[in-house]
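Throughout, residue positions are numbered sequentially from 1 according to the sequence presented. The structure presented is a predicted model; accordingly, all values stated were derived computationally and were not measured.
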Amino acid sequence: MRRGHIAAVAAAAGALTVLATIPAHAAEYSSALKIKGVQYDAPGRDSNSCATGNTDEEYLTIKNYSRTATVNLKGYVVKDATGNKFTFTKNHTLQPGDYVKLRGGRGTDSDAHNVVYRNNCNFIWNNDKDTIYLYKPSGAHADTHAYTASANDRDGNGYITYHG
């Protein structure tokens, strides 16, 4: 009995060693919701004026990649590298294959038009580089992407696509 226990412990330790050598950026999170893309640099000159600014042109697209599950965004959290965050506080459901654009600025959220506003006129994404984190209501990672404008935005239009 003792030998079987020792062999099981050794096998588990070996498996942990293999897992520890996998780079963190290679992790694929188990989530139906993923970041489809980000308009990190709003077209035109950046202005965070609520009256005349263009923060509503900066947005994050989140898509439900499930084939069968409907997902409610309430409780999901979006953060950047410095800790700026937005929490979905209202019910907003995404059917399989559906998406939502999380926009800056102020506006009226709409399931029909697939839009939620942060109701904050400050930009959240940096124009040179940033990291985007999407967390489930439980606090578990749903998706994470880092970008640099020079490496990831080849055409220079301020938009980067993830997960197709």
Answer yes or no: is there a side-chain heavy-atom contact under 4.5 Å between [X] and [Y]?
X: V71; Y: S66; value: no
X: Y76; Y: L134; value: yes
X: V78; Y: L102; value: yes
X: D153; Y: Y159; value: no
X: K90; Y: D109; value: yes

(request) Test side chain to side chain contact (heavy atoms under 4.5 Å, CB included) on Y40 and I124 and set out the steps. (result) CA-CA 8 Å; Y40 68 90; I124 190 170; over 6 Å; no
(message) Whether R103 engages the ring of Y59 as a cation-pi pair (distance to the six-membered ring centre under 6.0 angstrom, angle to the ring normal within 45°) should be assessed.
(response) yes
(request) Calculate, to the nearest 0.5 Å, the distance between atoms CG and CD1 belonging to D130 and I160 respectively. (result) 10.0 Å
(message) Distance alone, cut at 3.5 Å: any donor-acceptor contact between the side chains of H92 and N72?
(response) no
(message) Does H141 have more than 12 heavy atoms from other residues, nucleotides or ligands lying within 6.0 Å of its NE2?
(response) yes
(message) Apply side-chain hydrogen bond (donor to acceptor under 3.5 Å, both in side chains) to residues N127 and D41 and explain how you reach the verdict.
(response) CA-CA 5 Å; N127 288 351; D41 187 4; 3.3 Å; yes
(message) Check the orientation of Y135 and Y133. Use parallel for under 30°, tilted for 30 to 60°, and perpendicular for over 60°.
(response) parallel
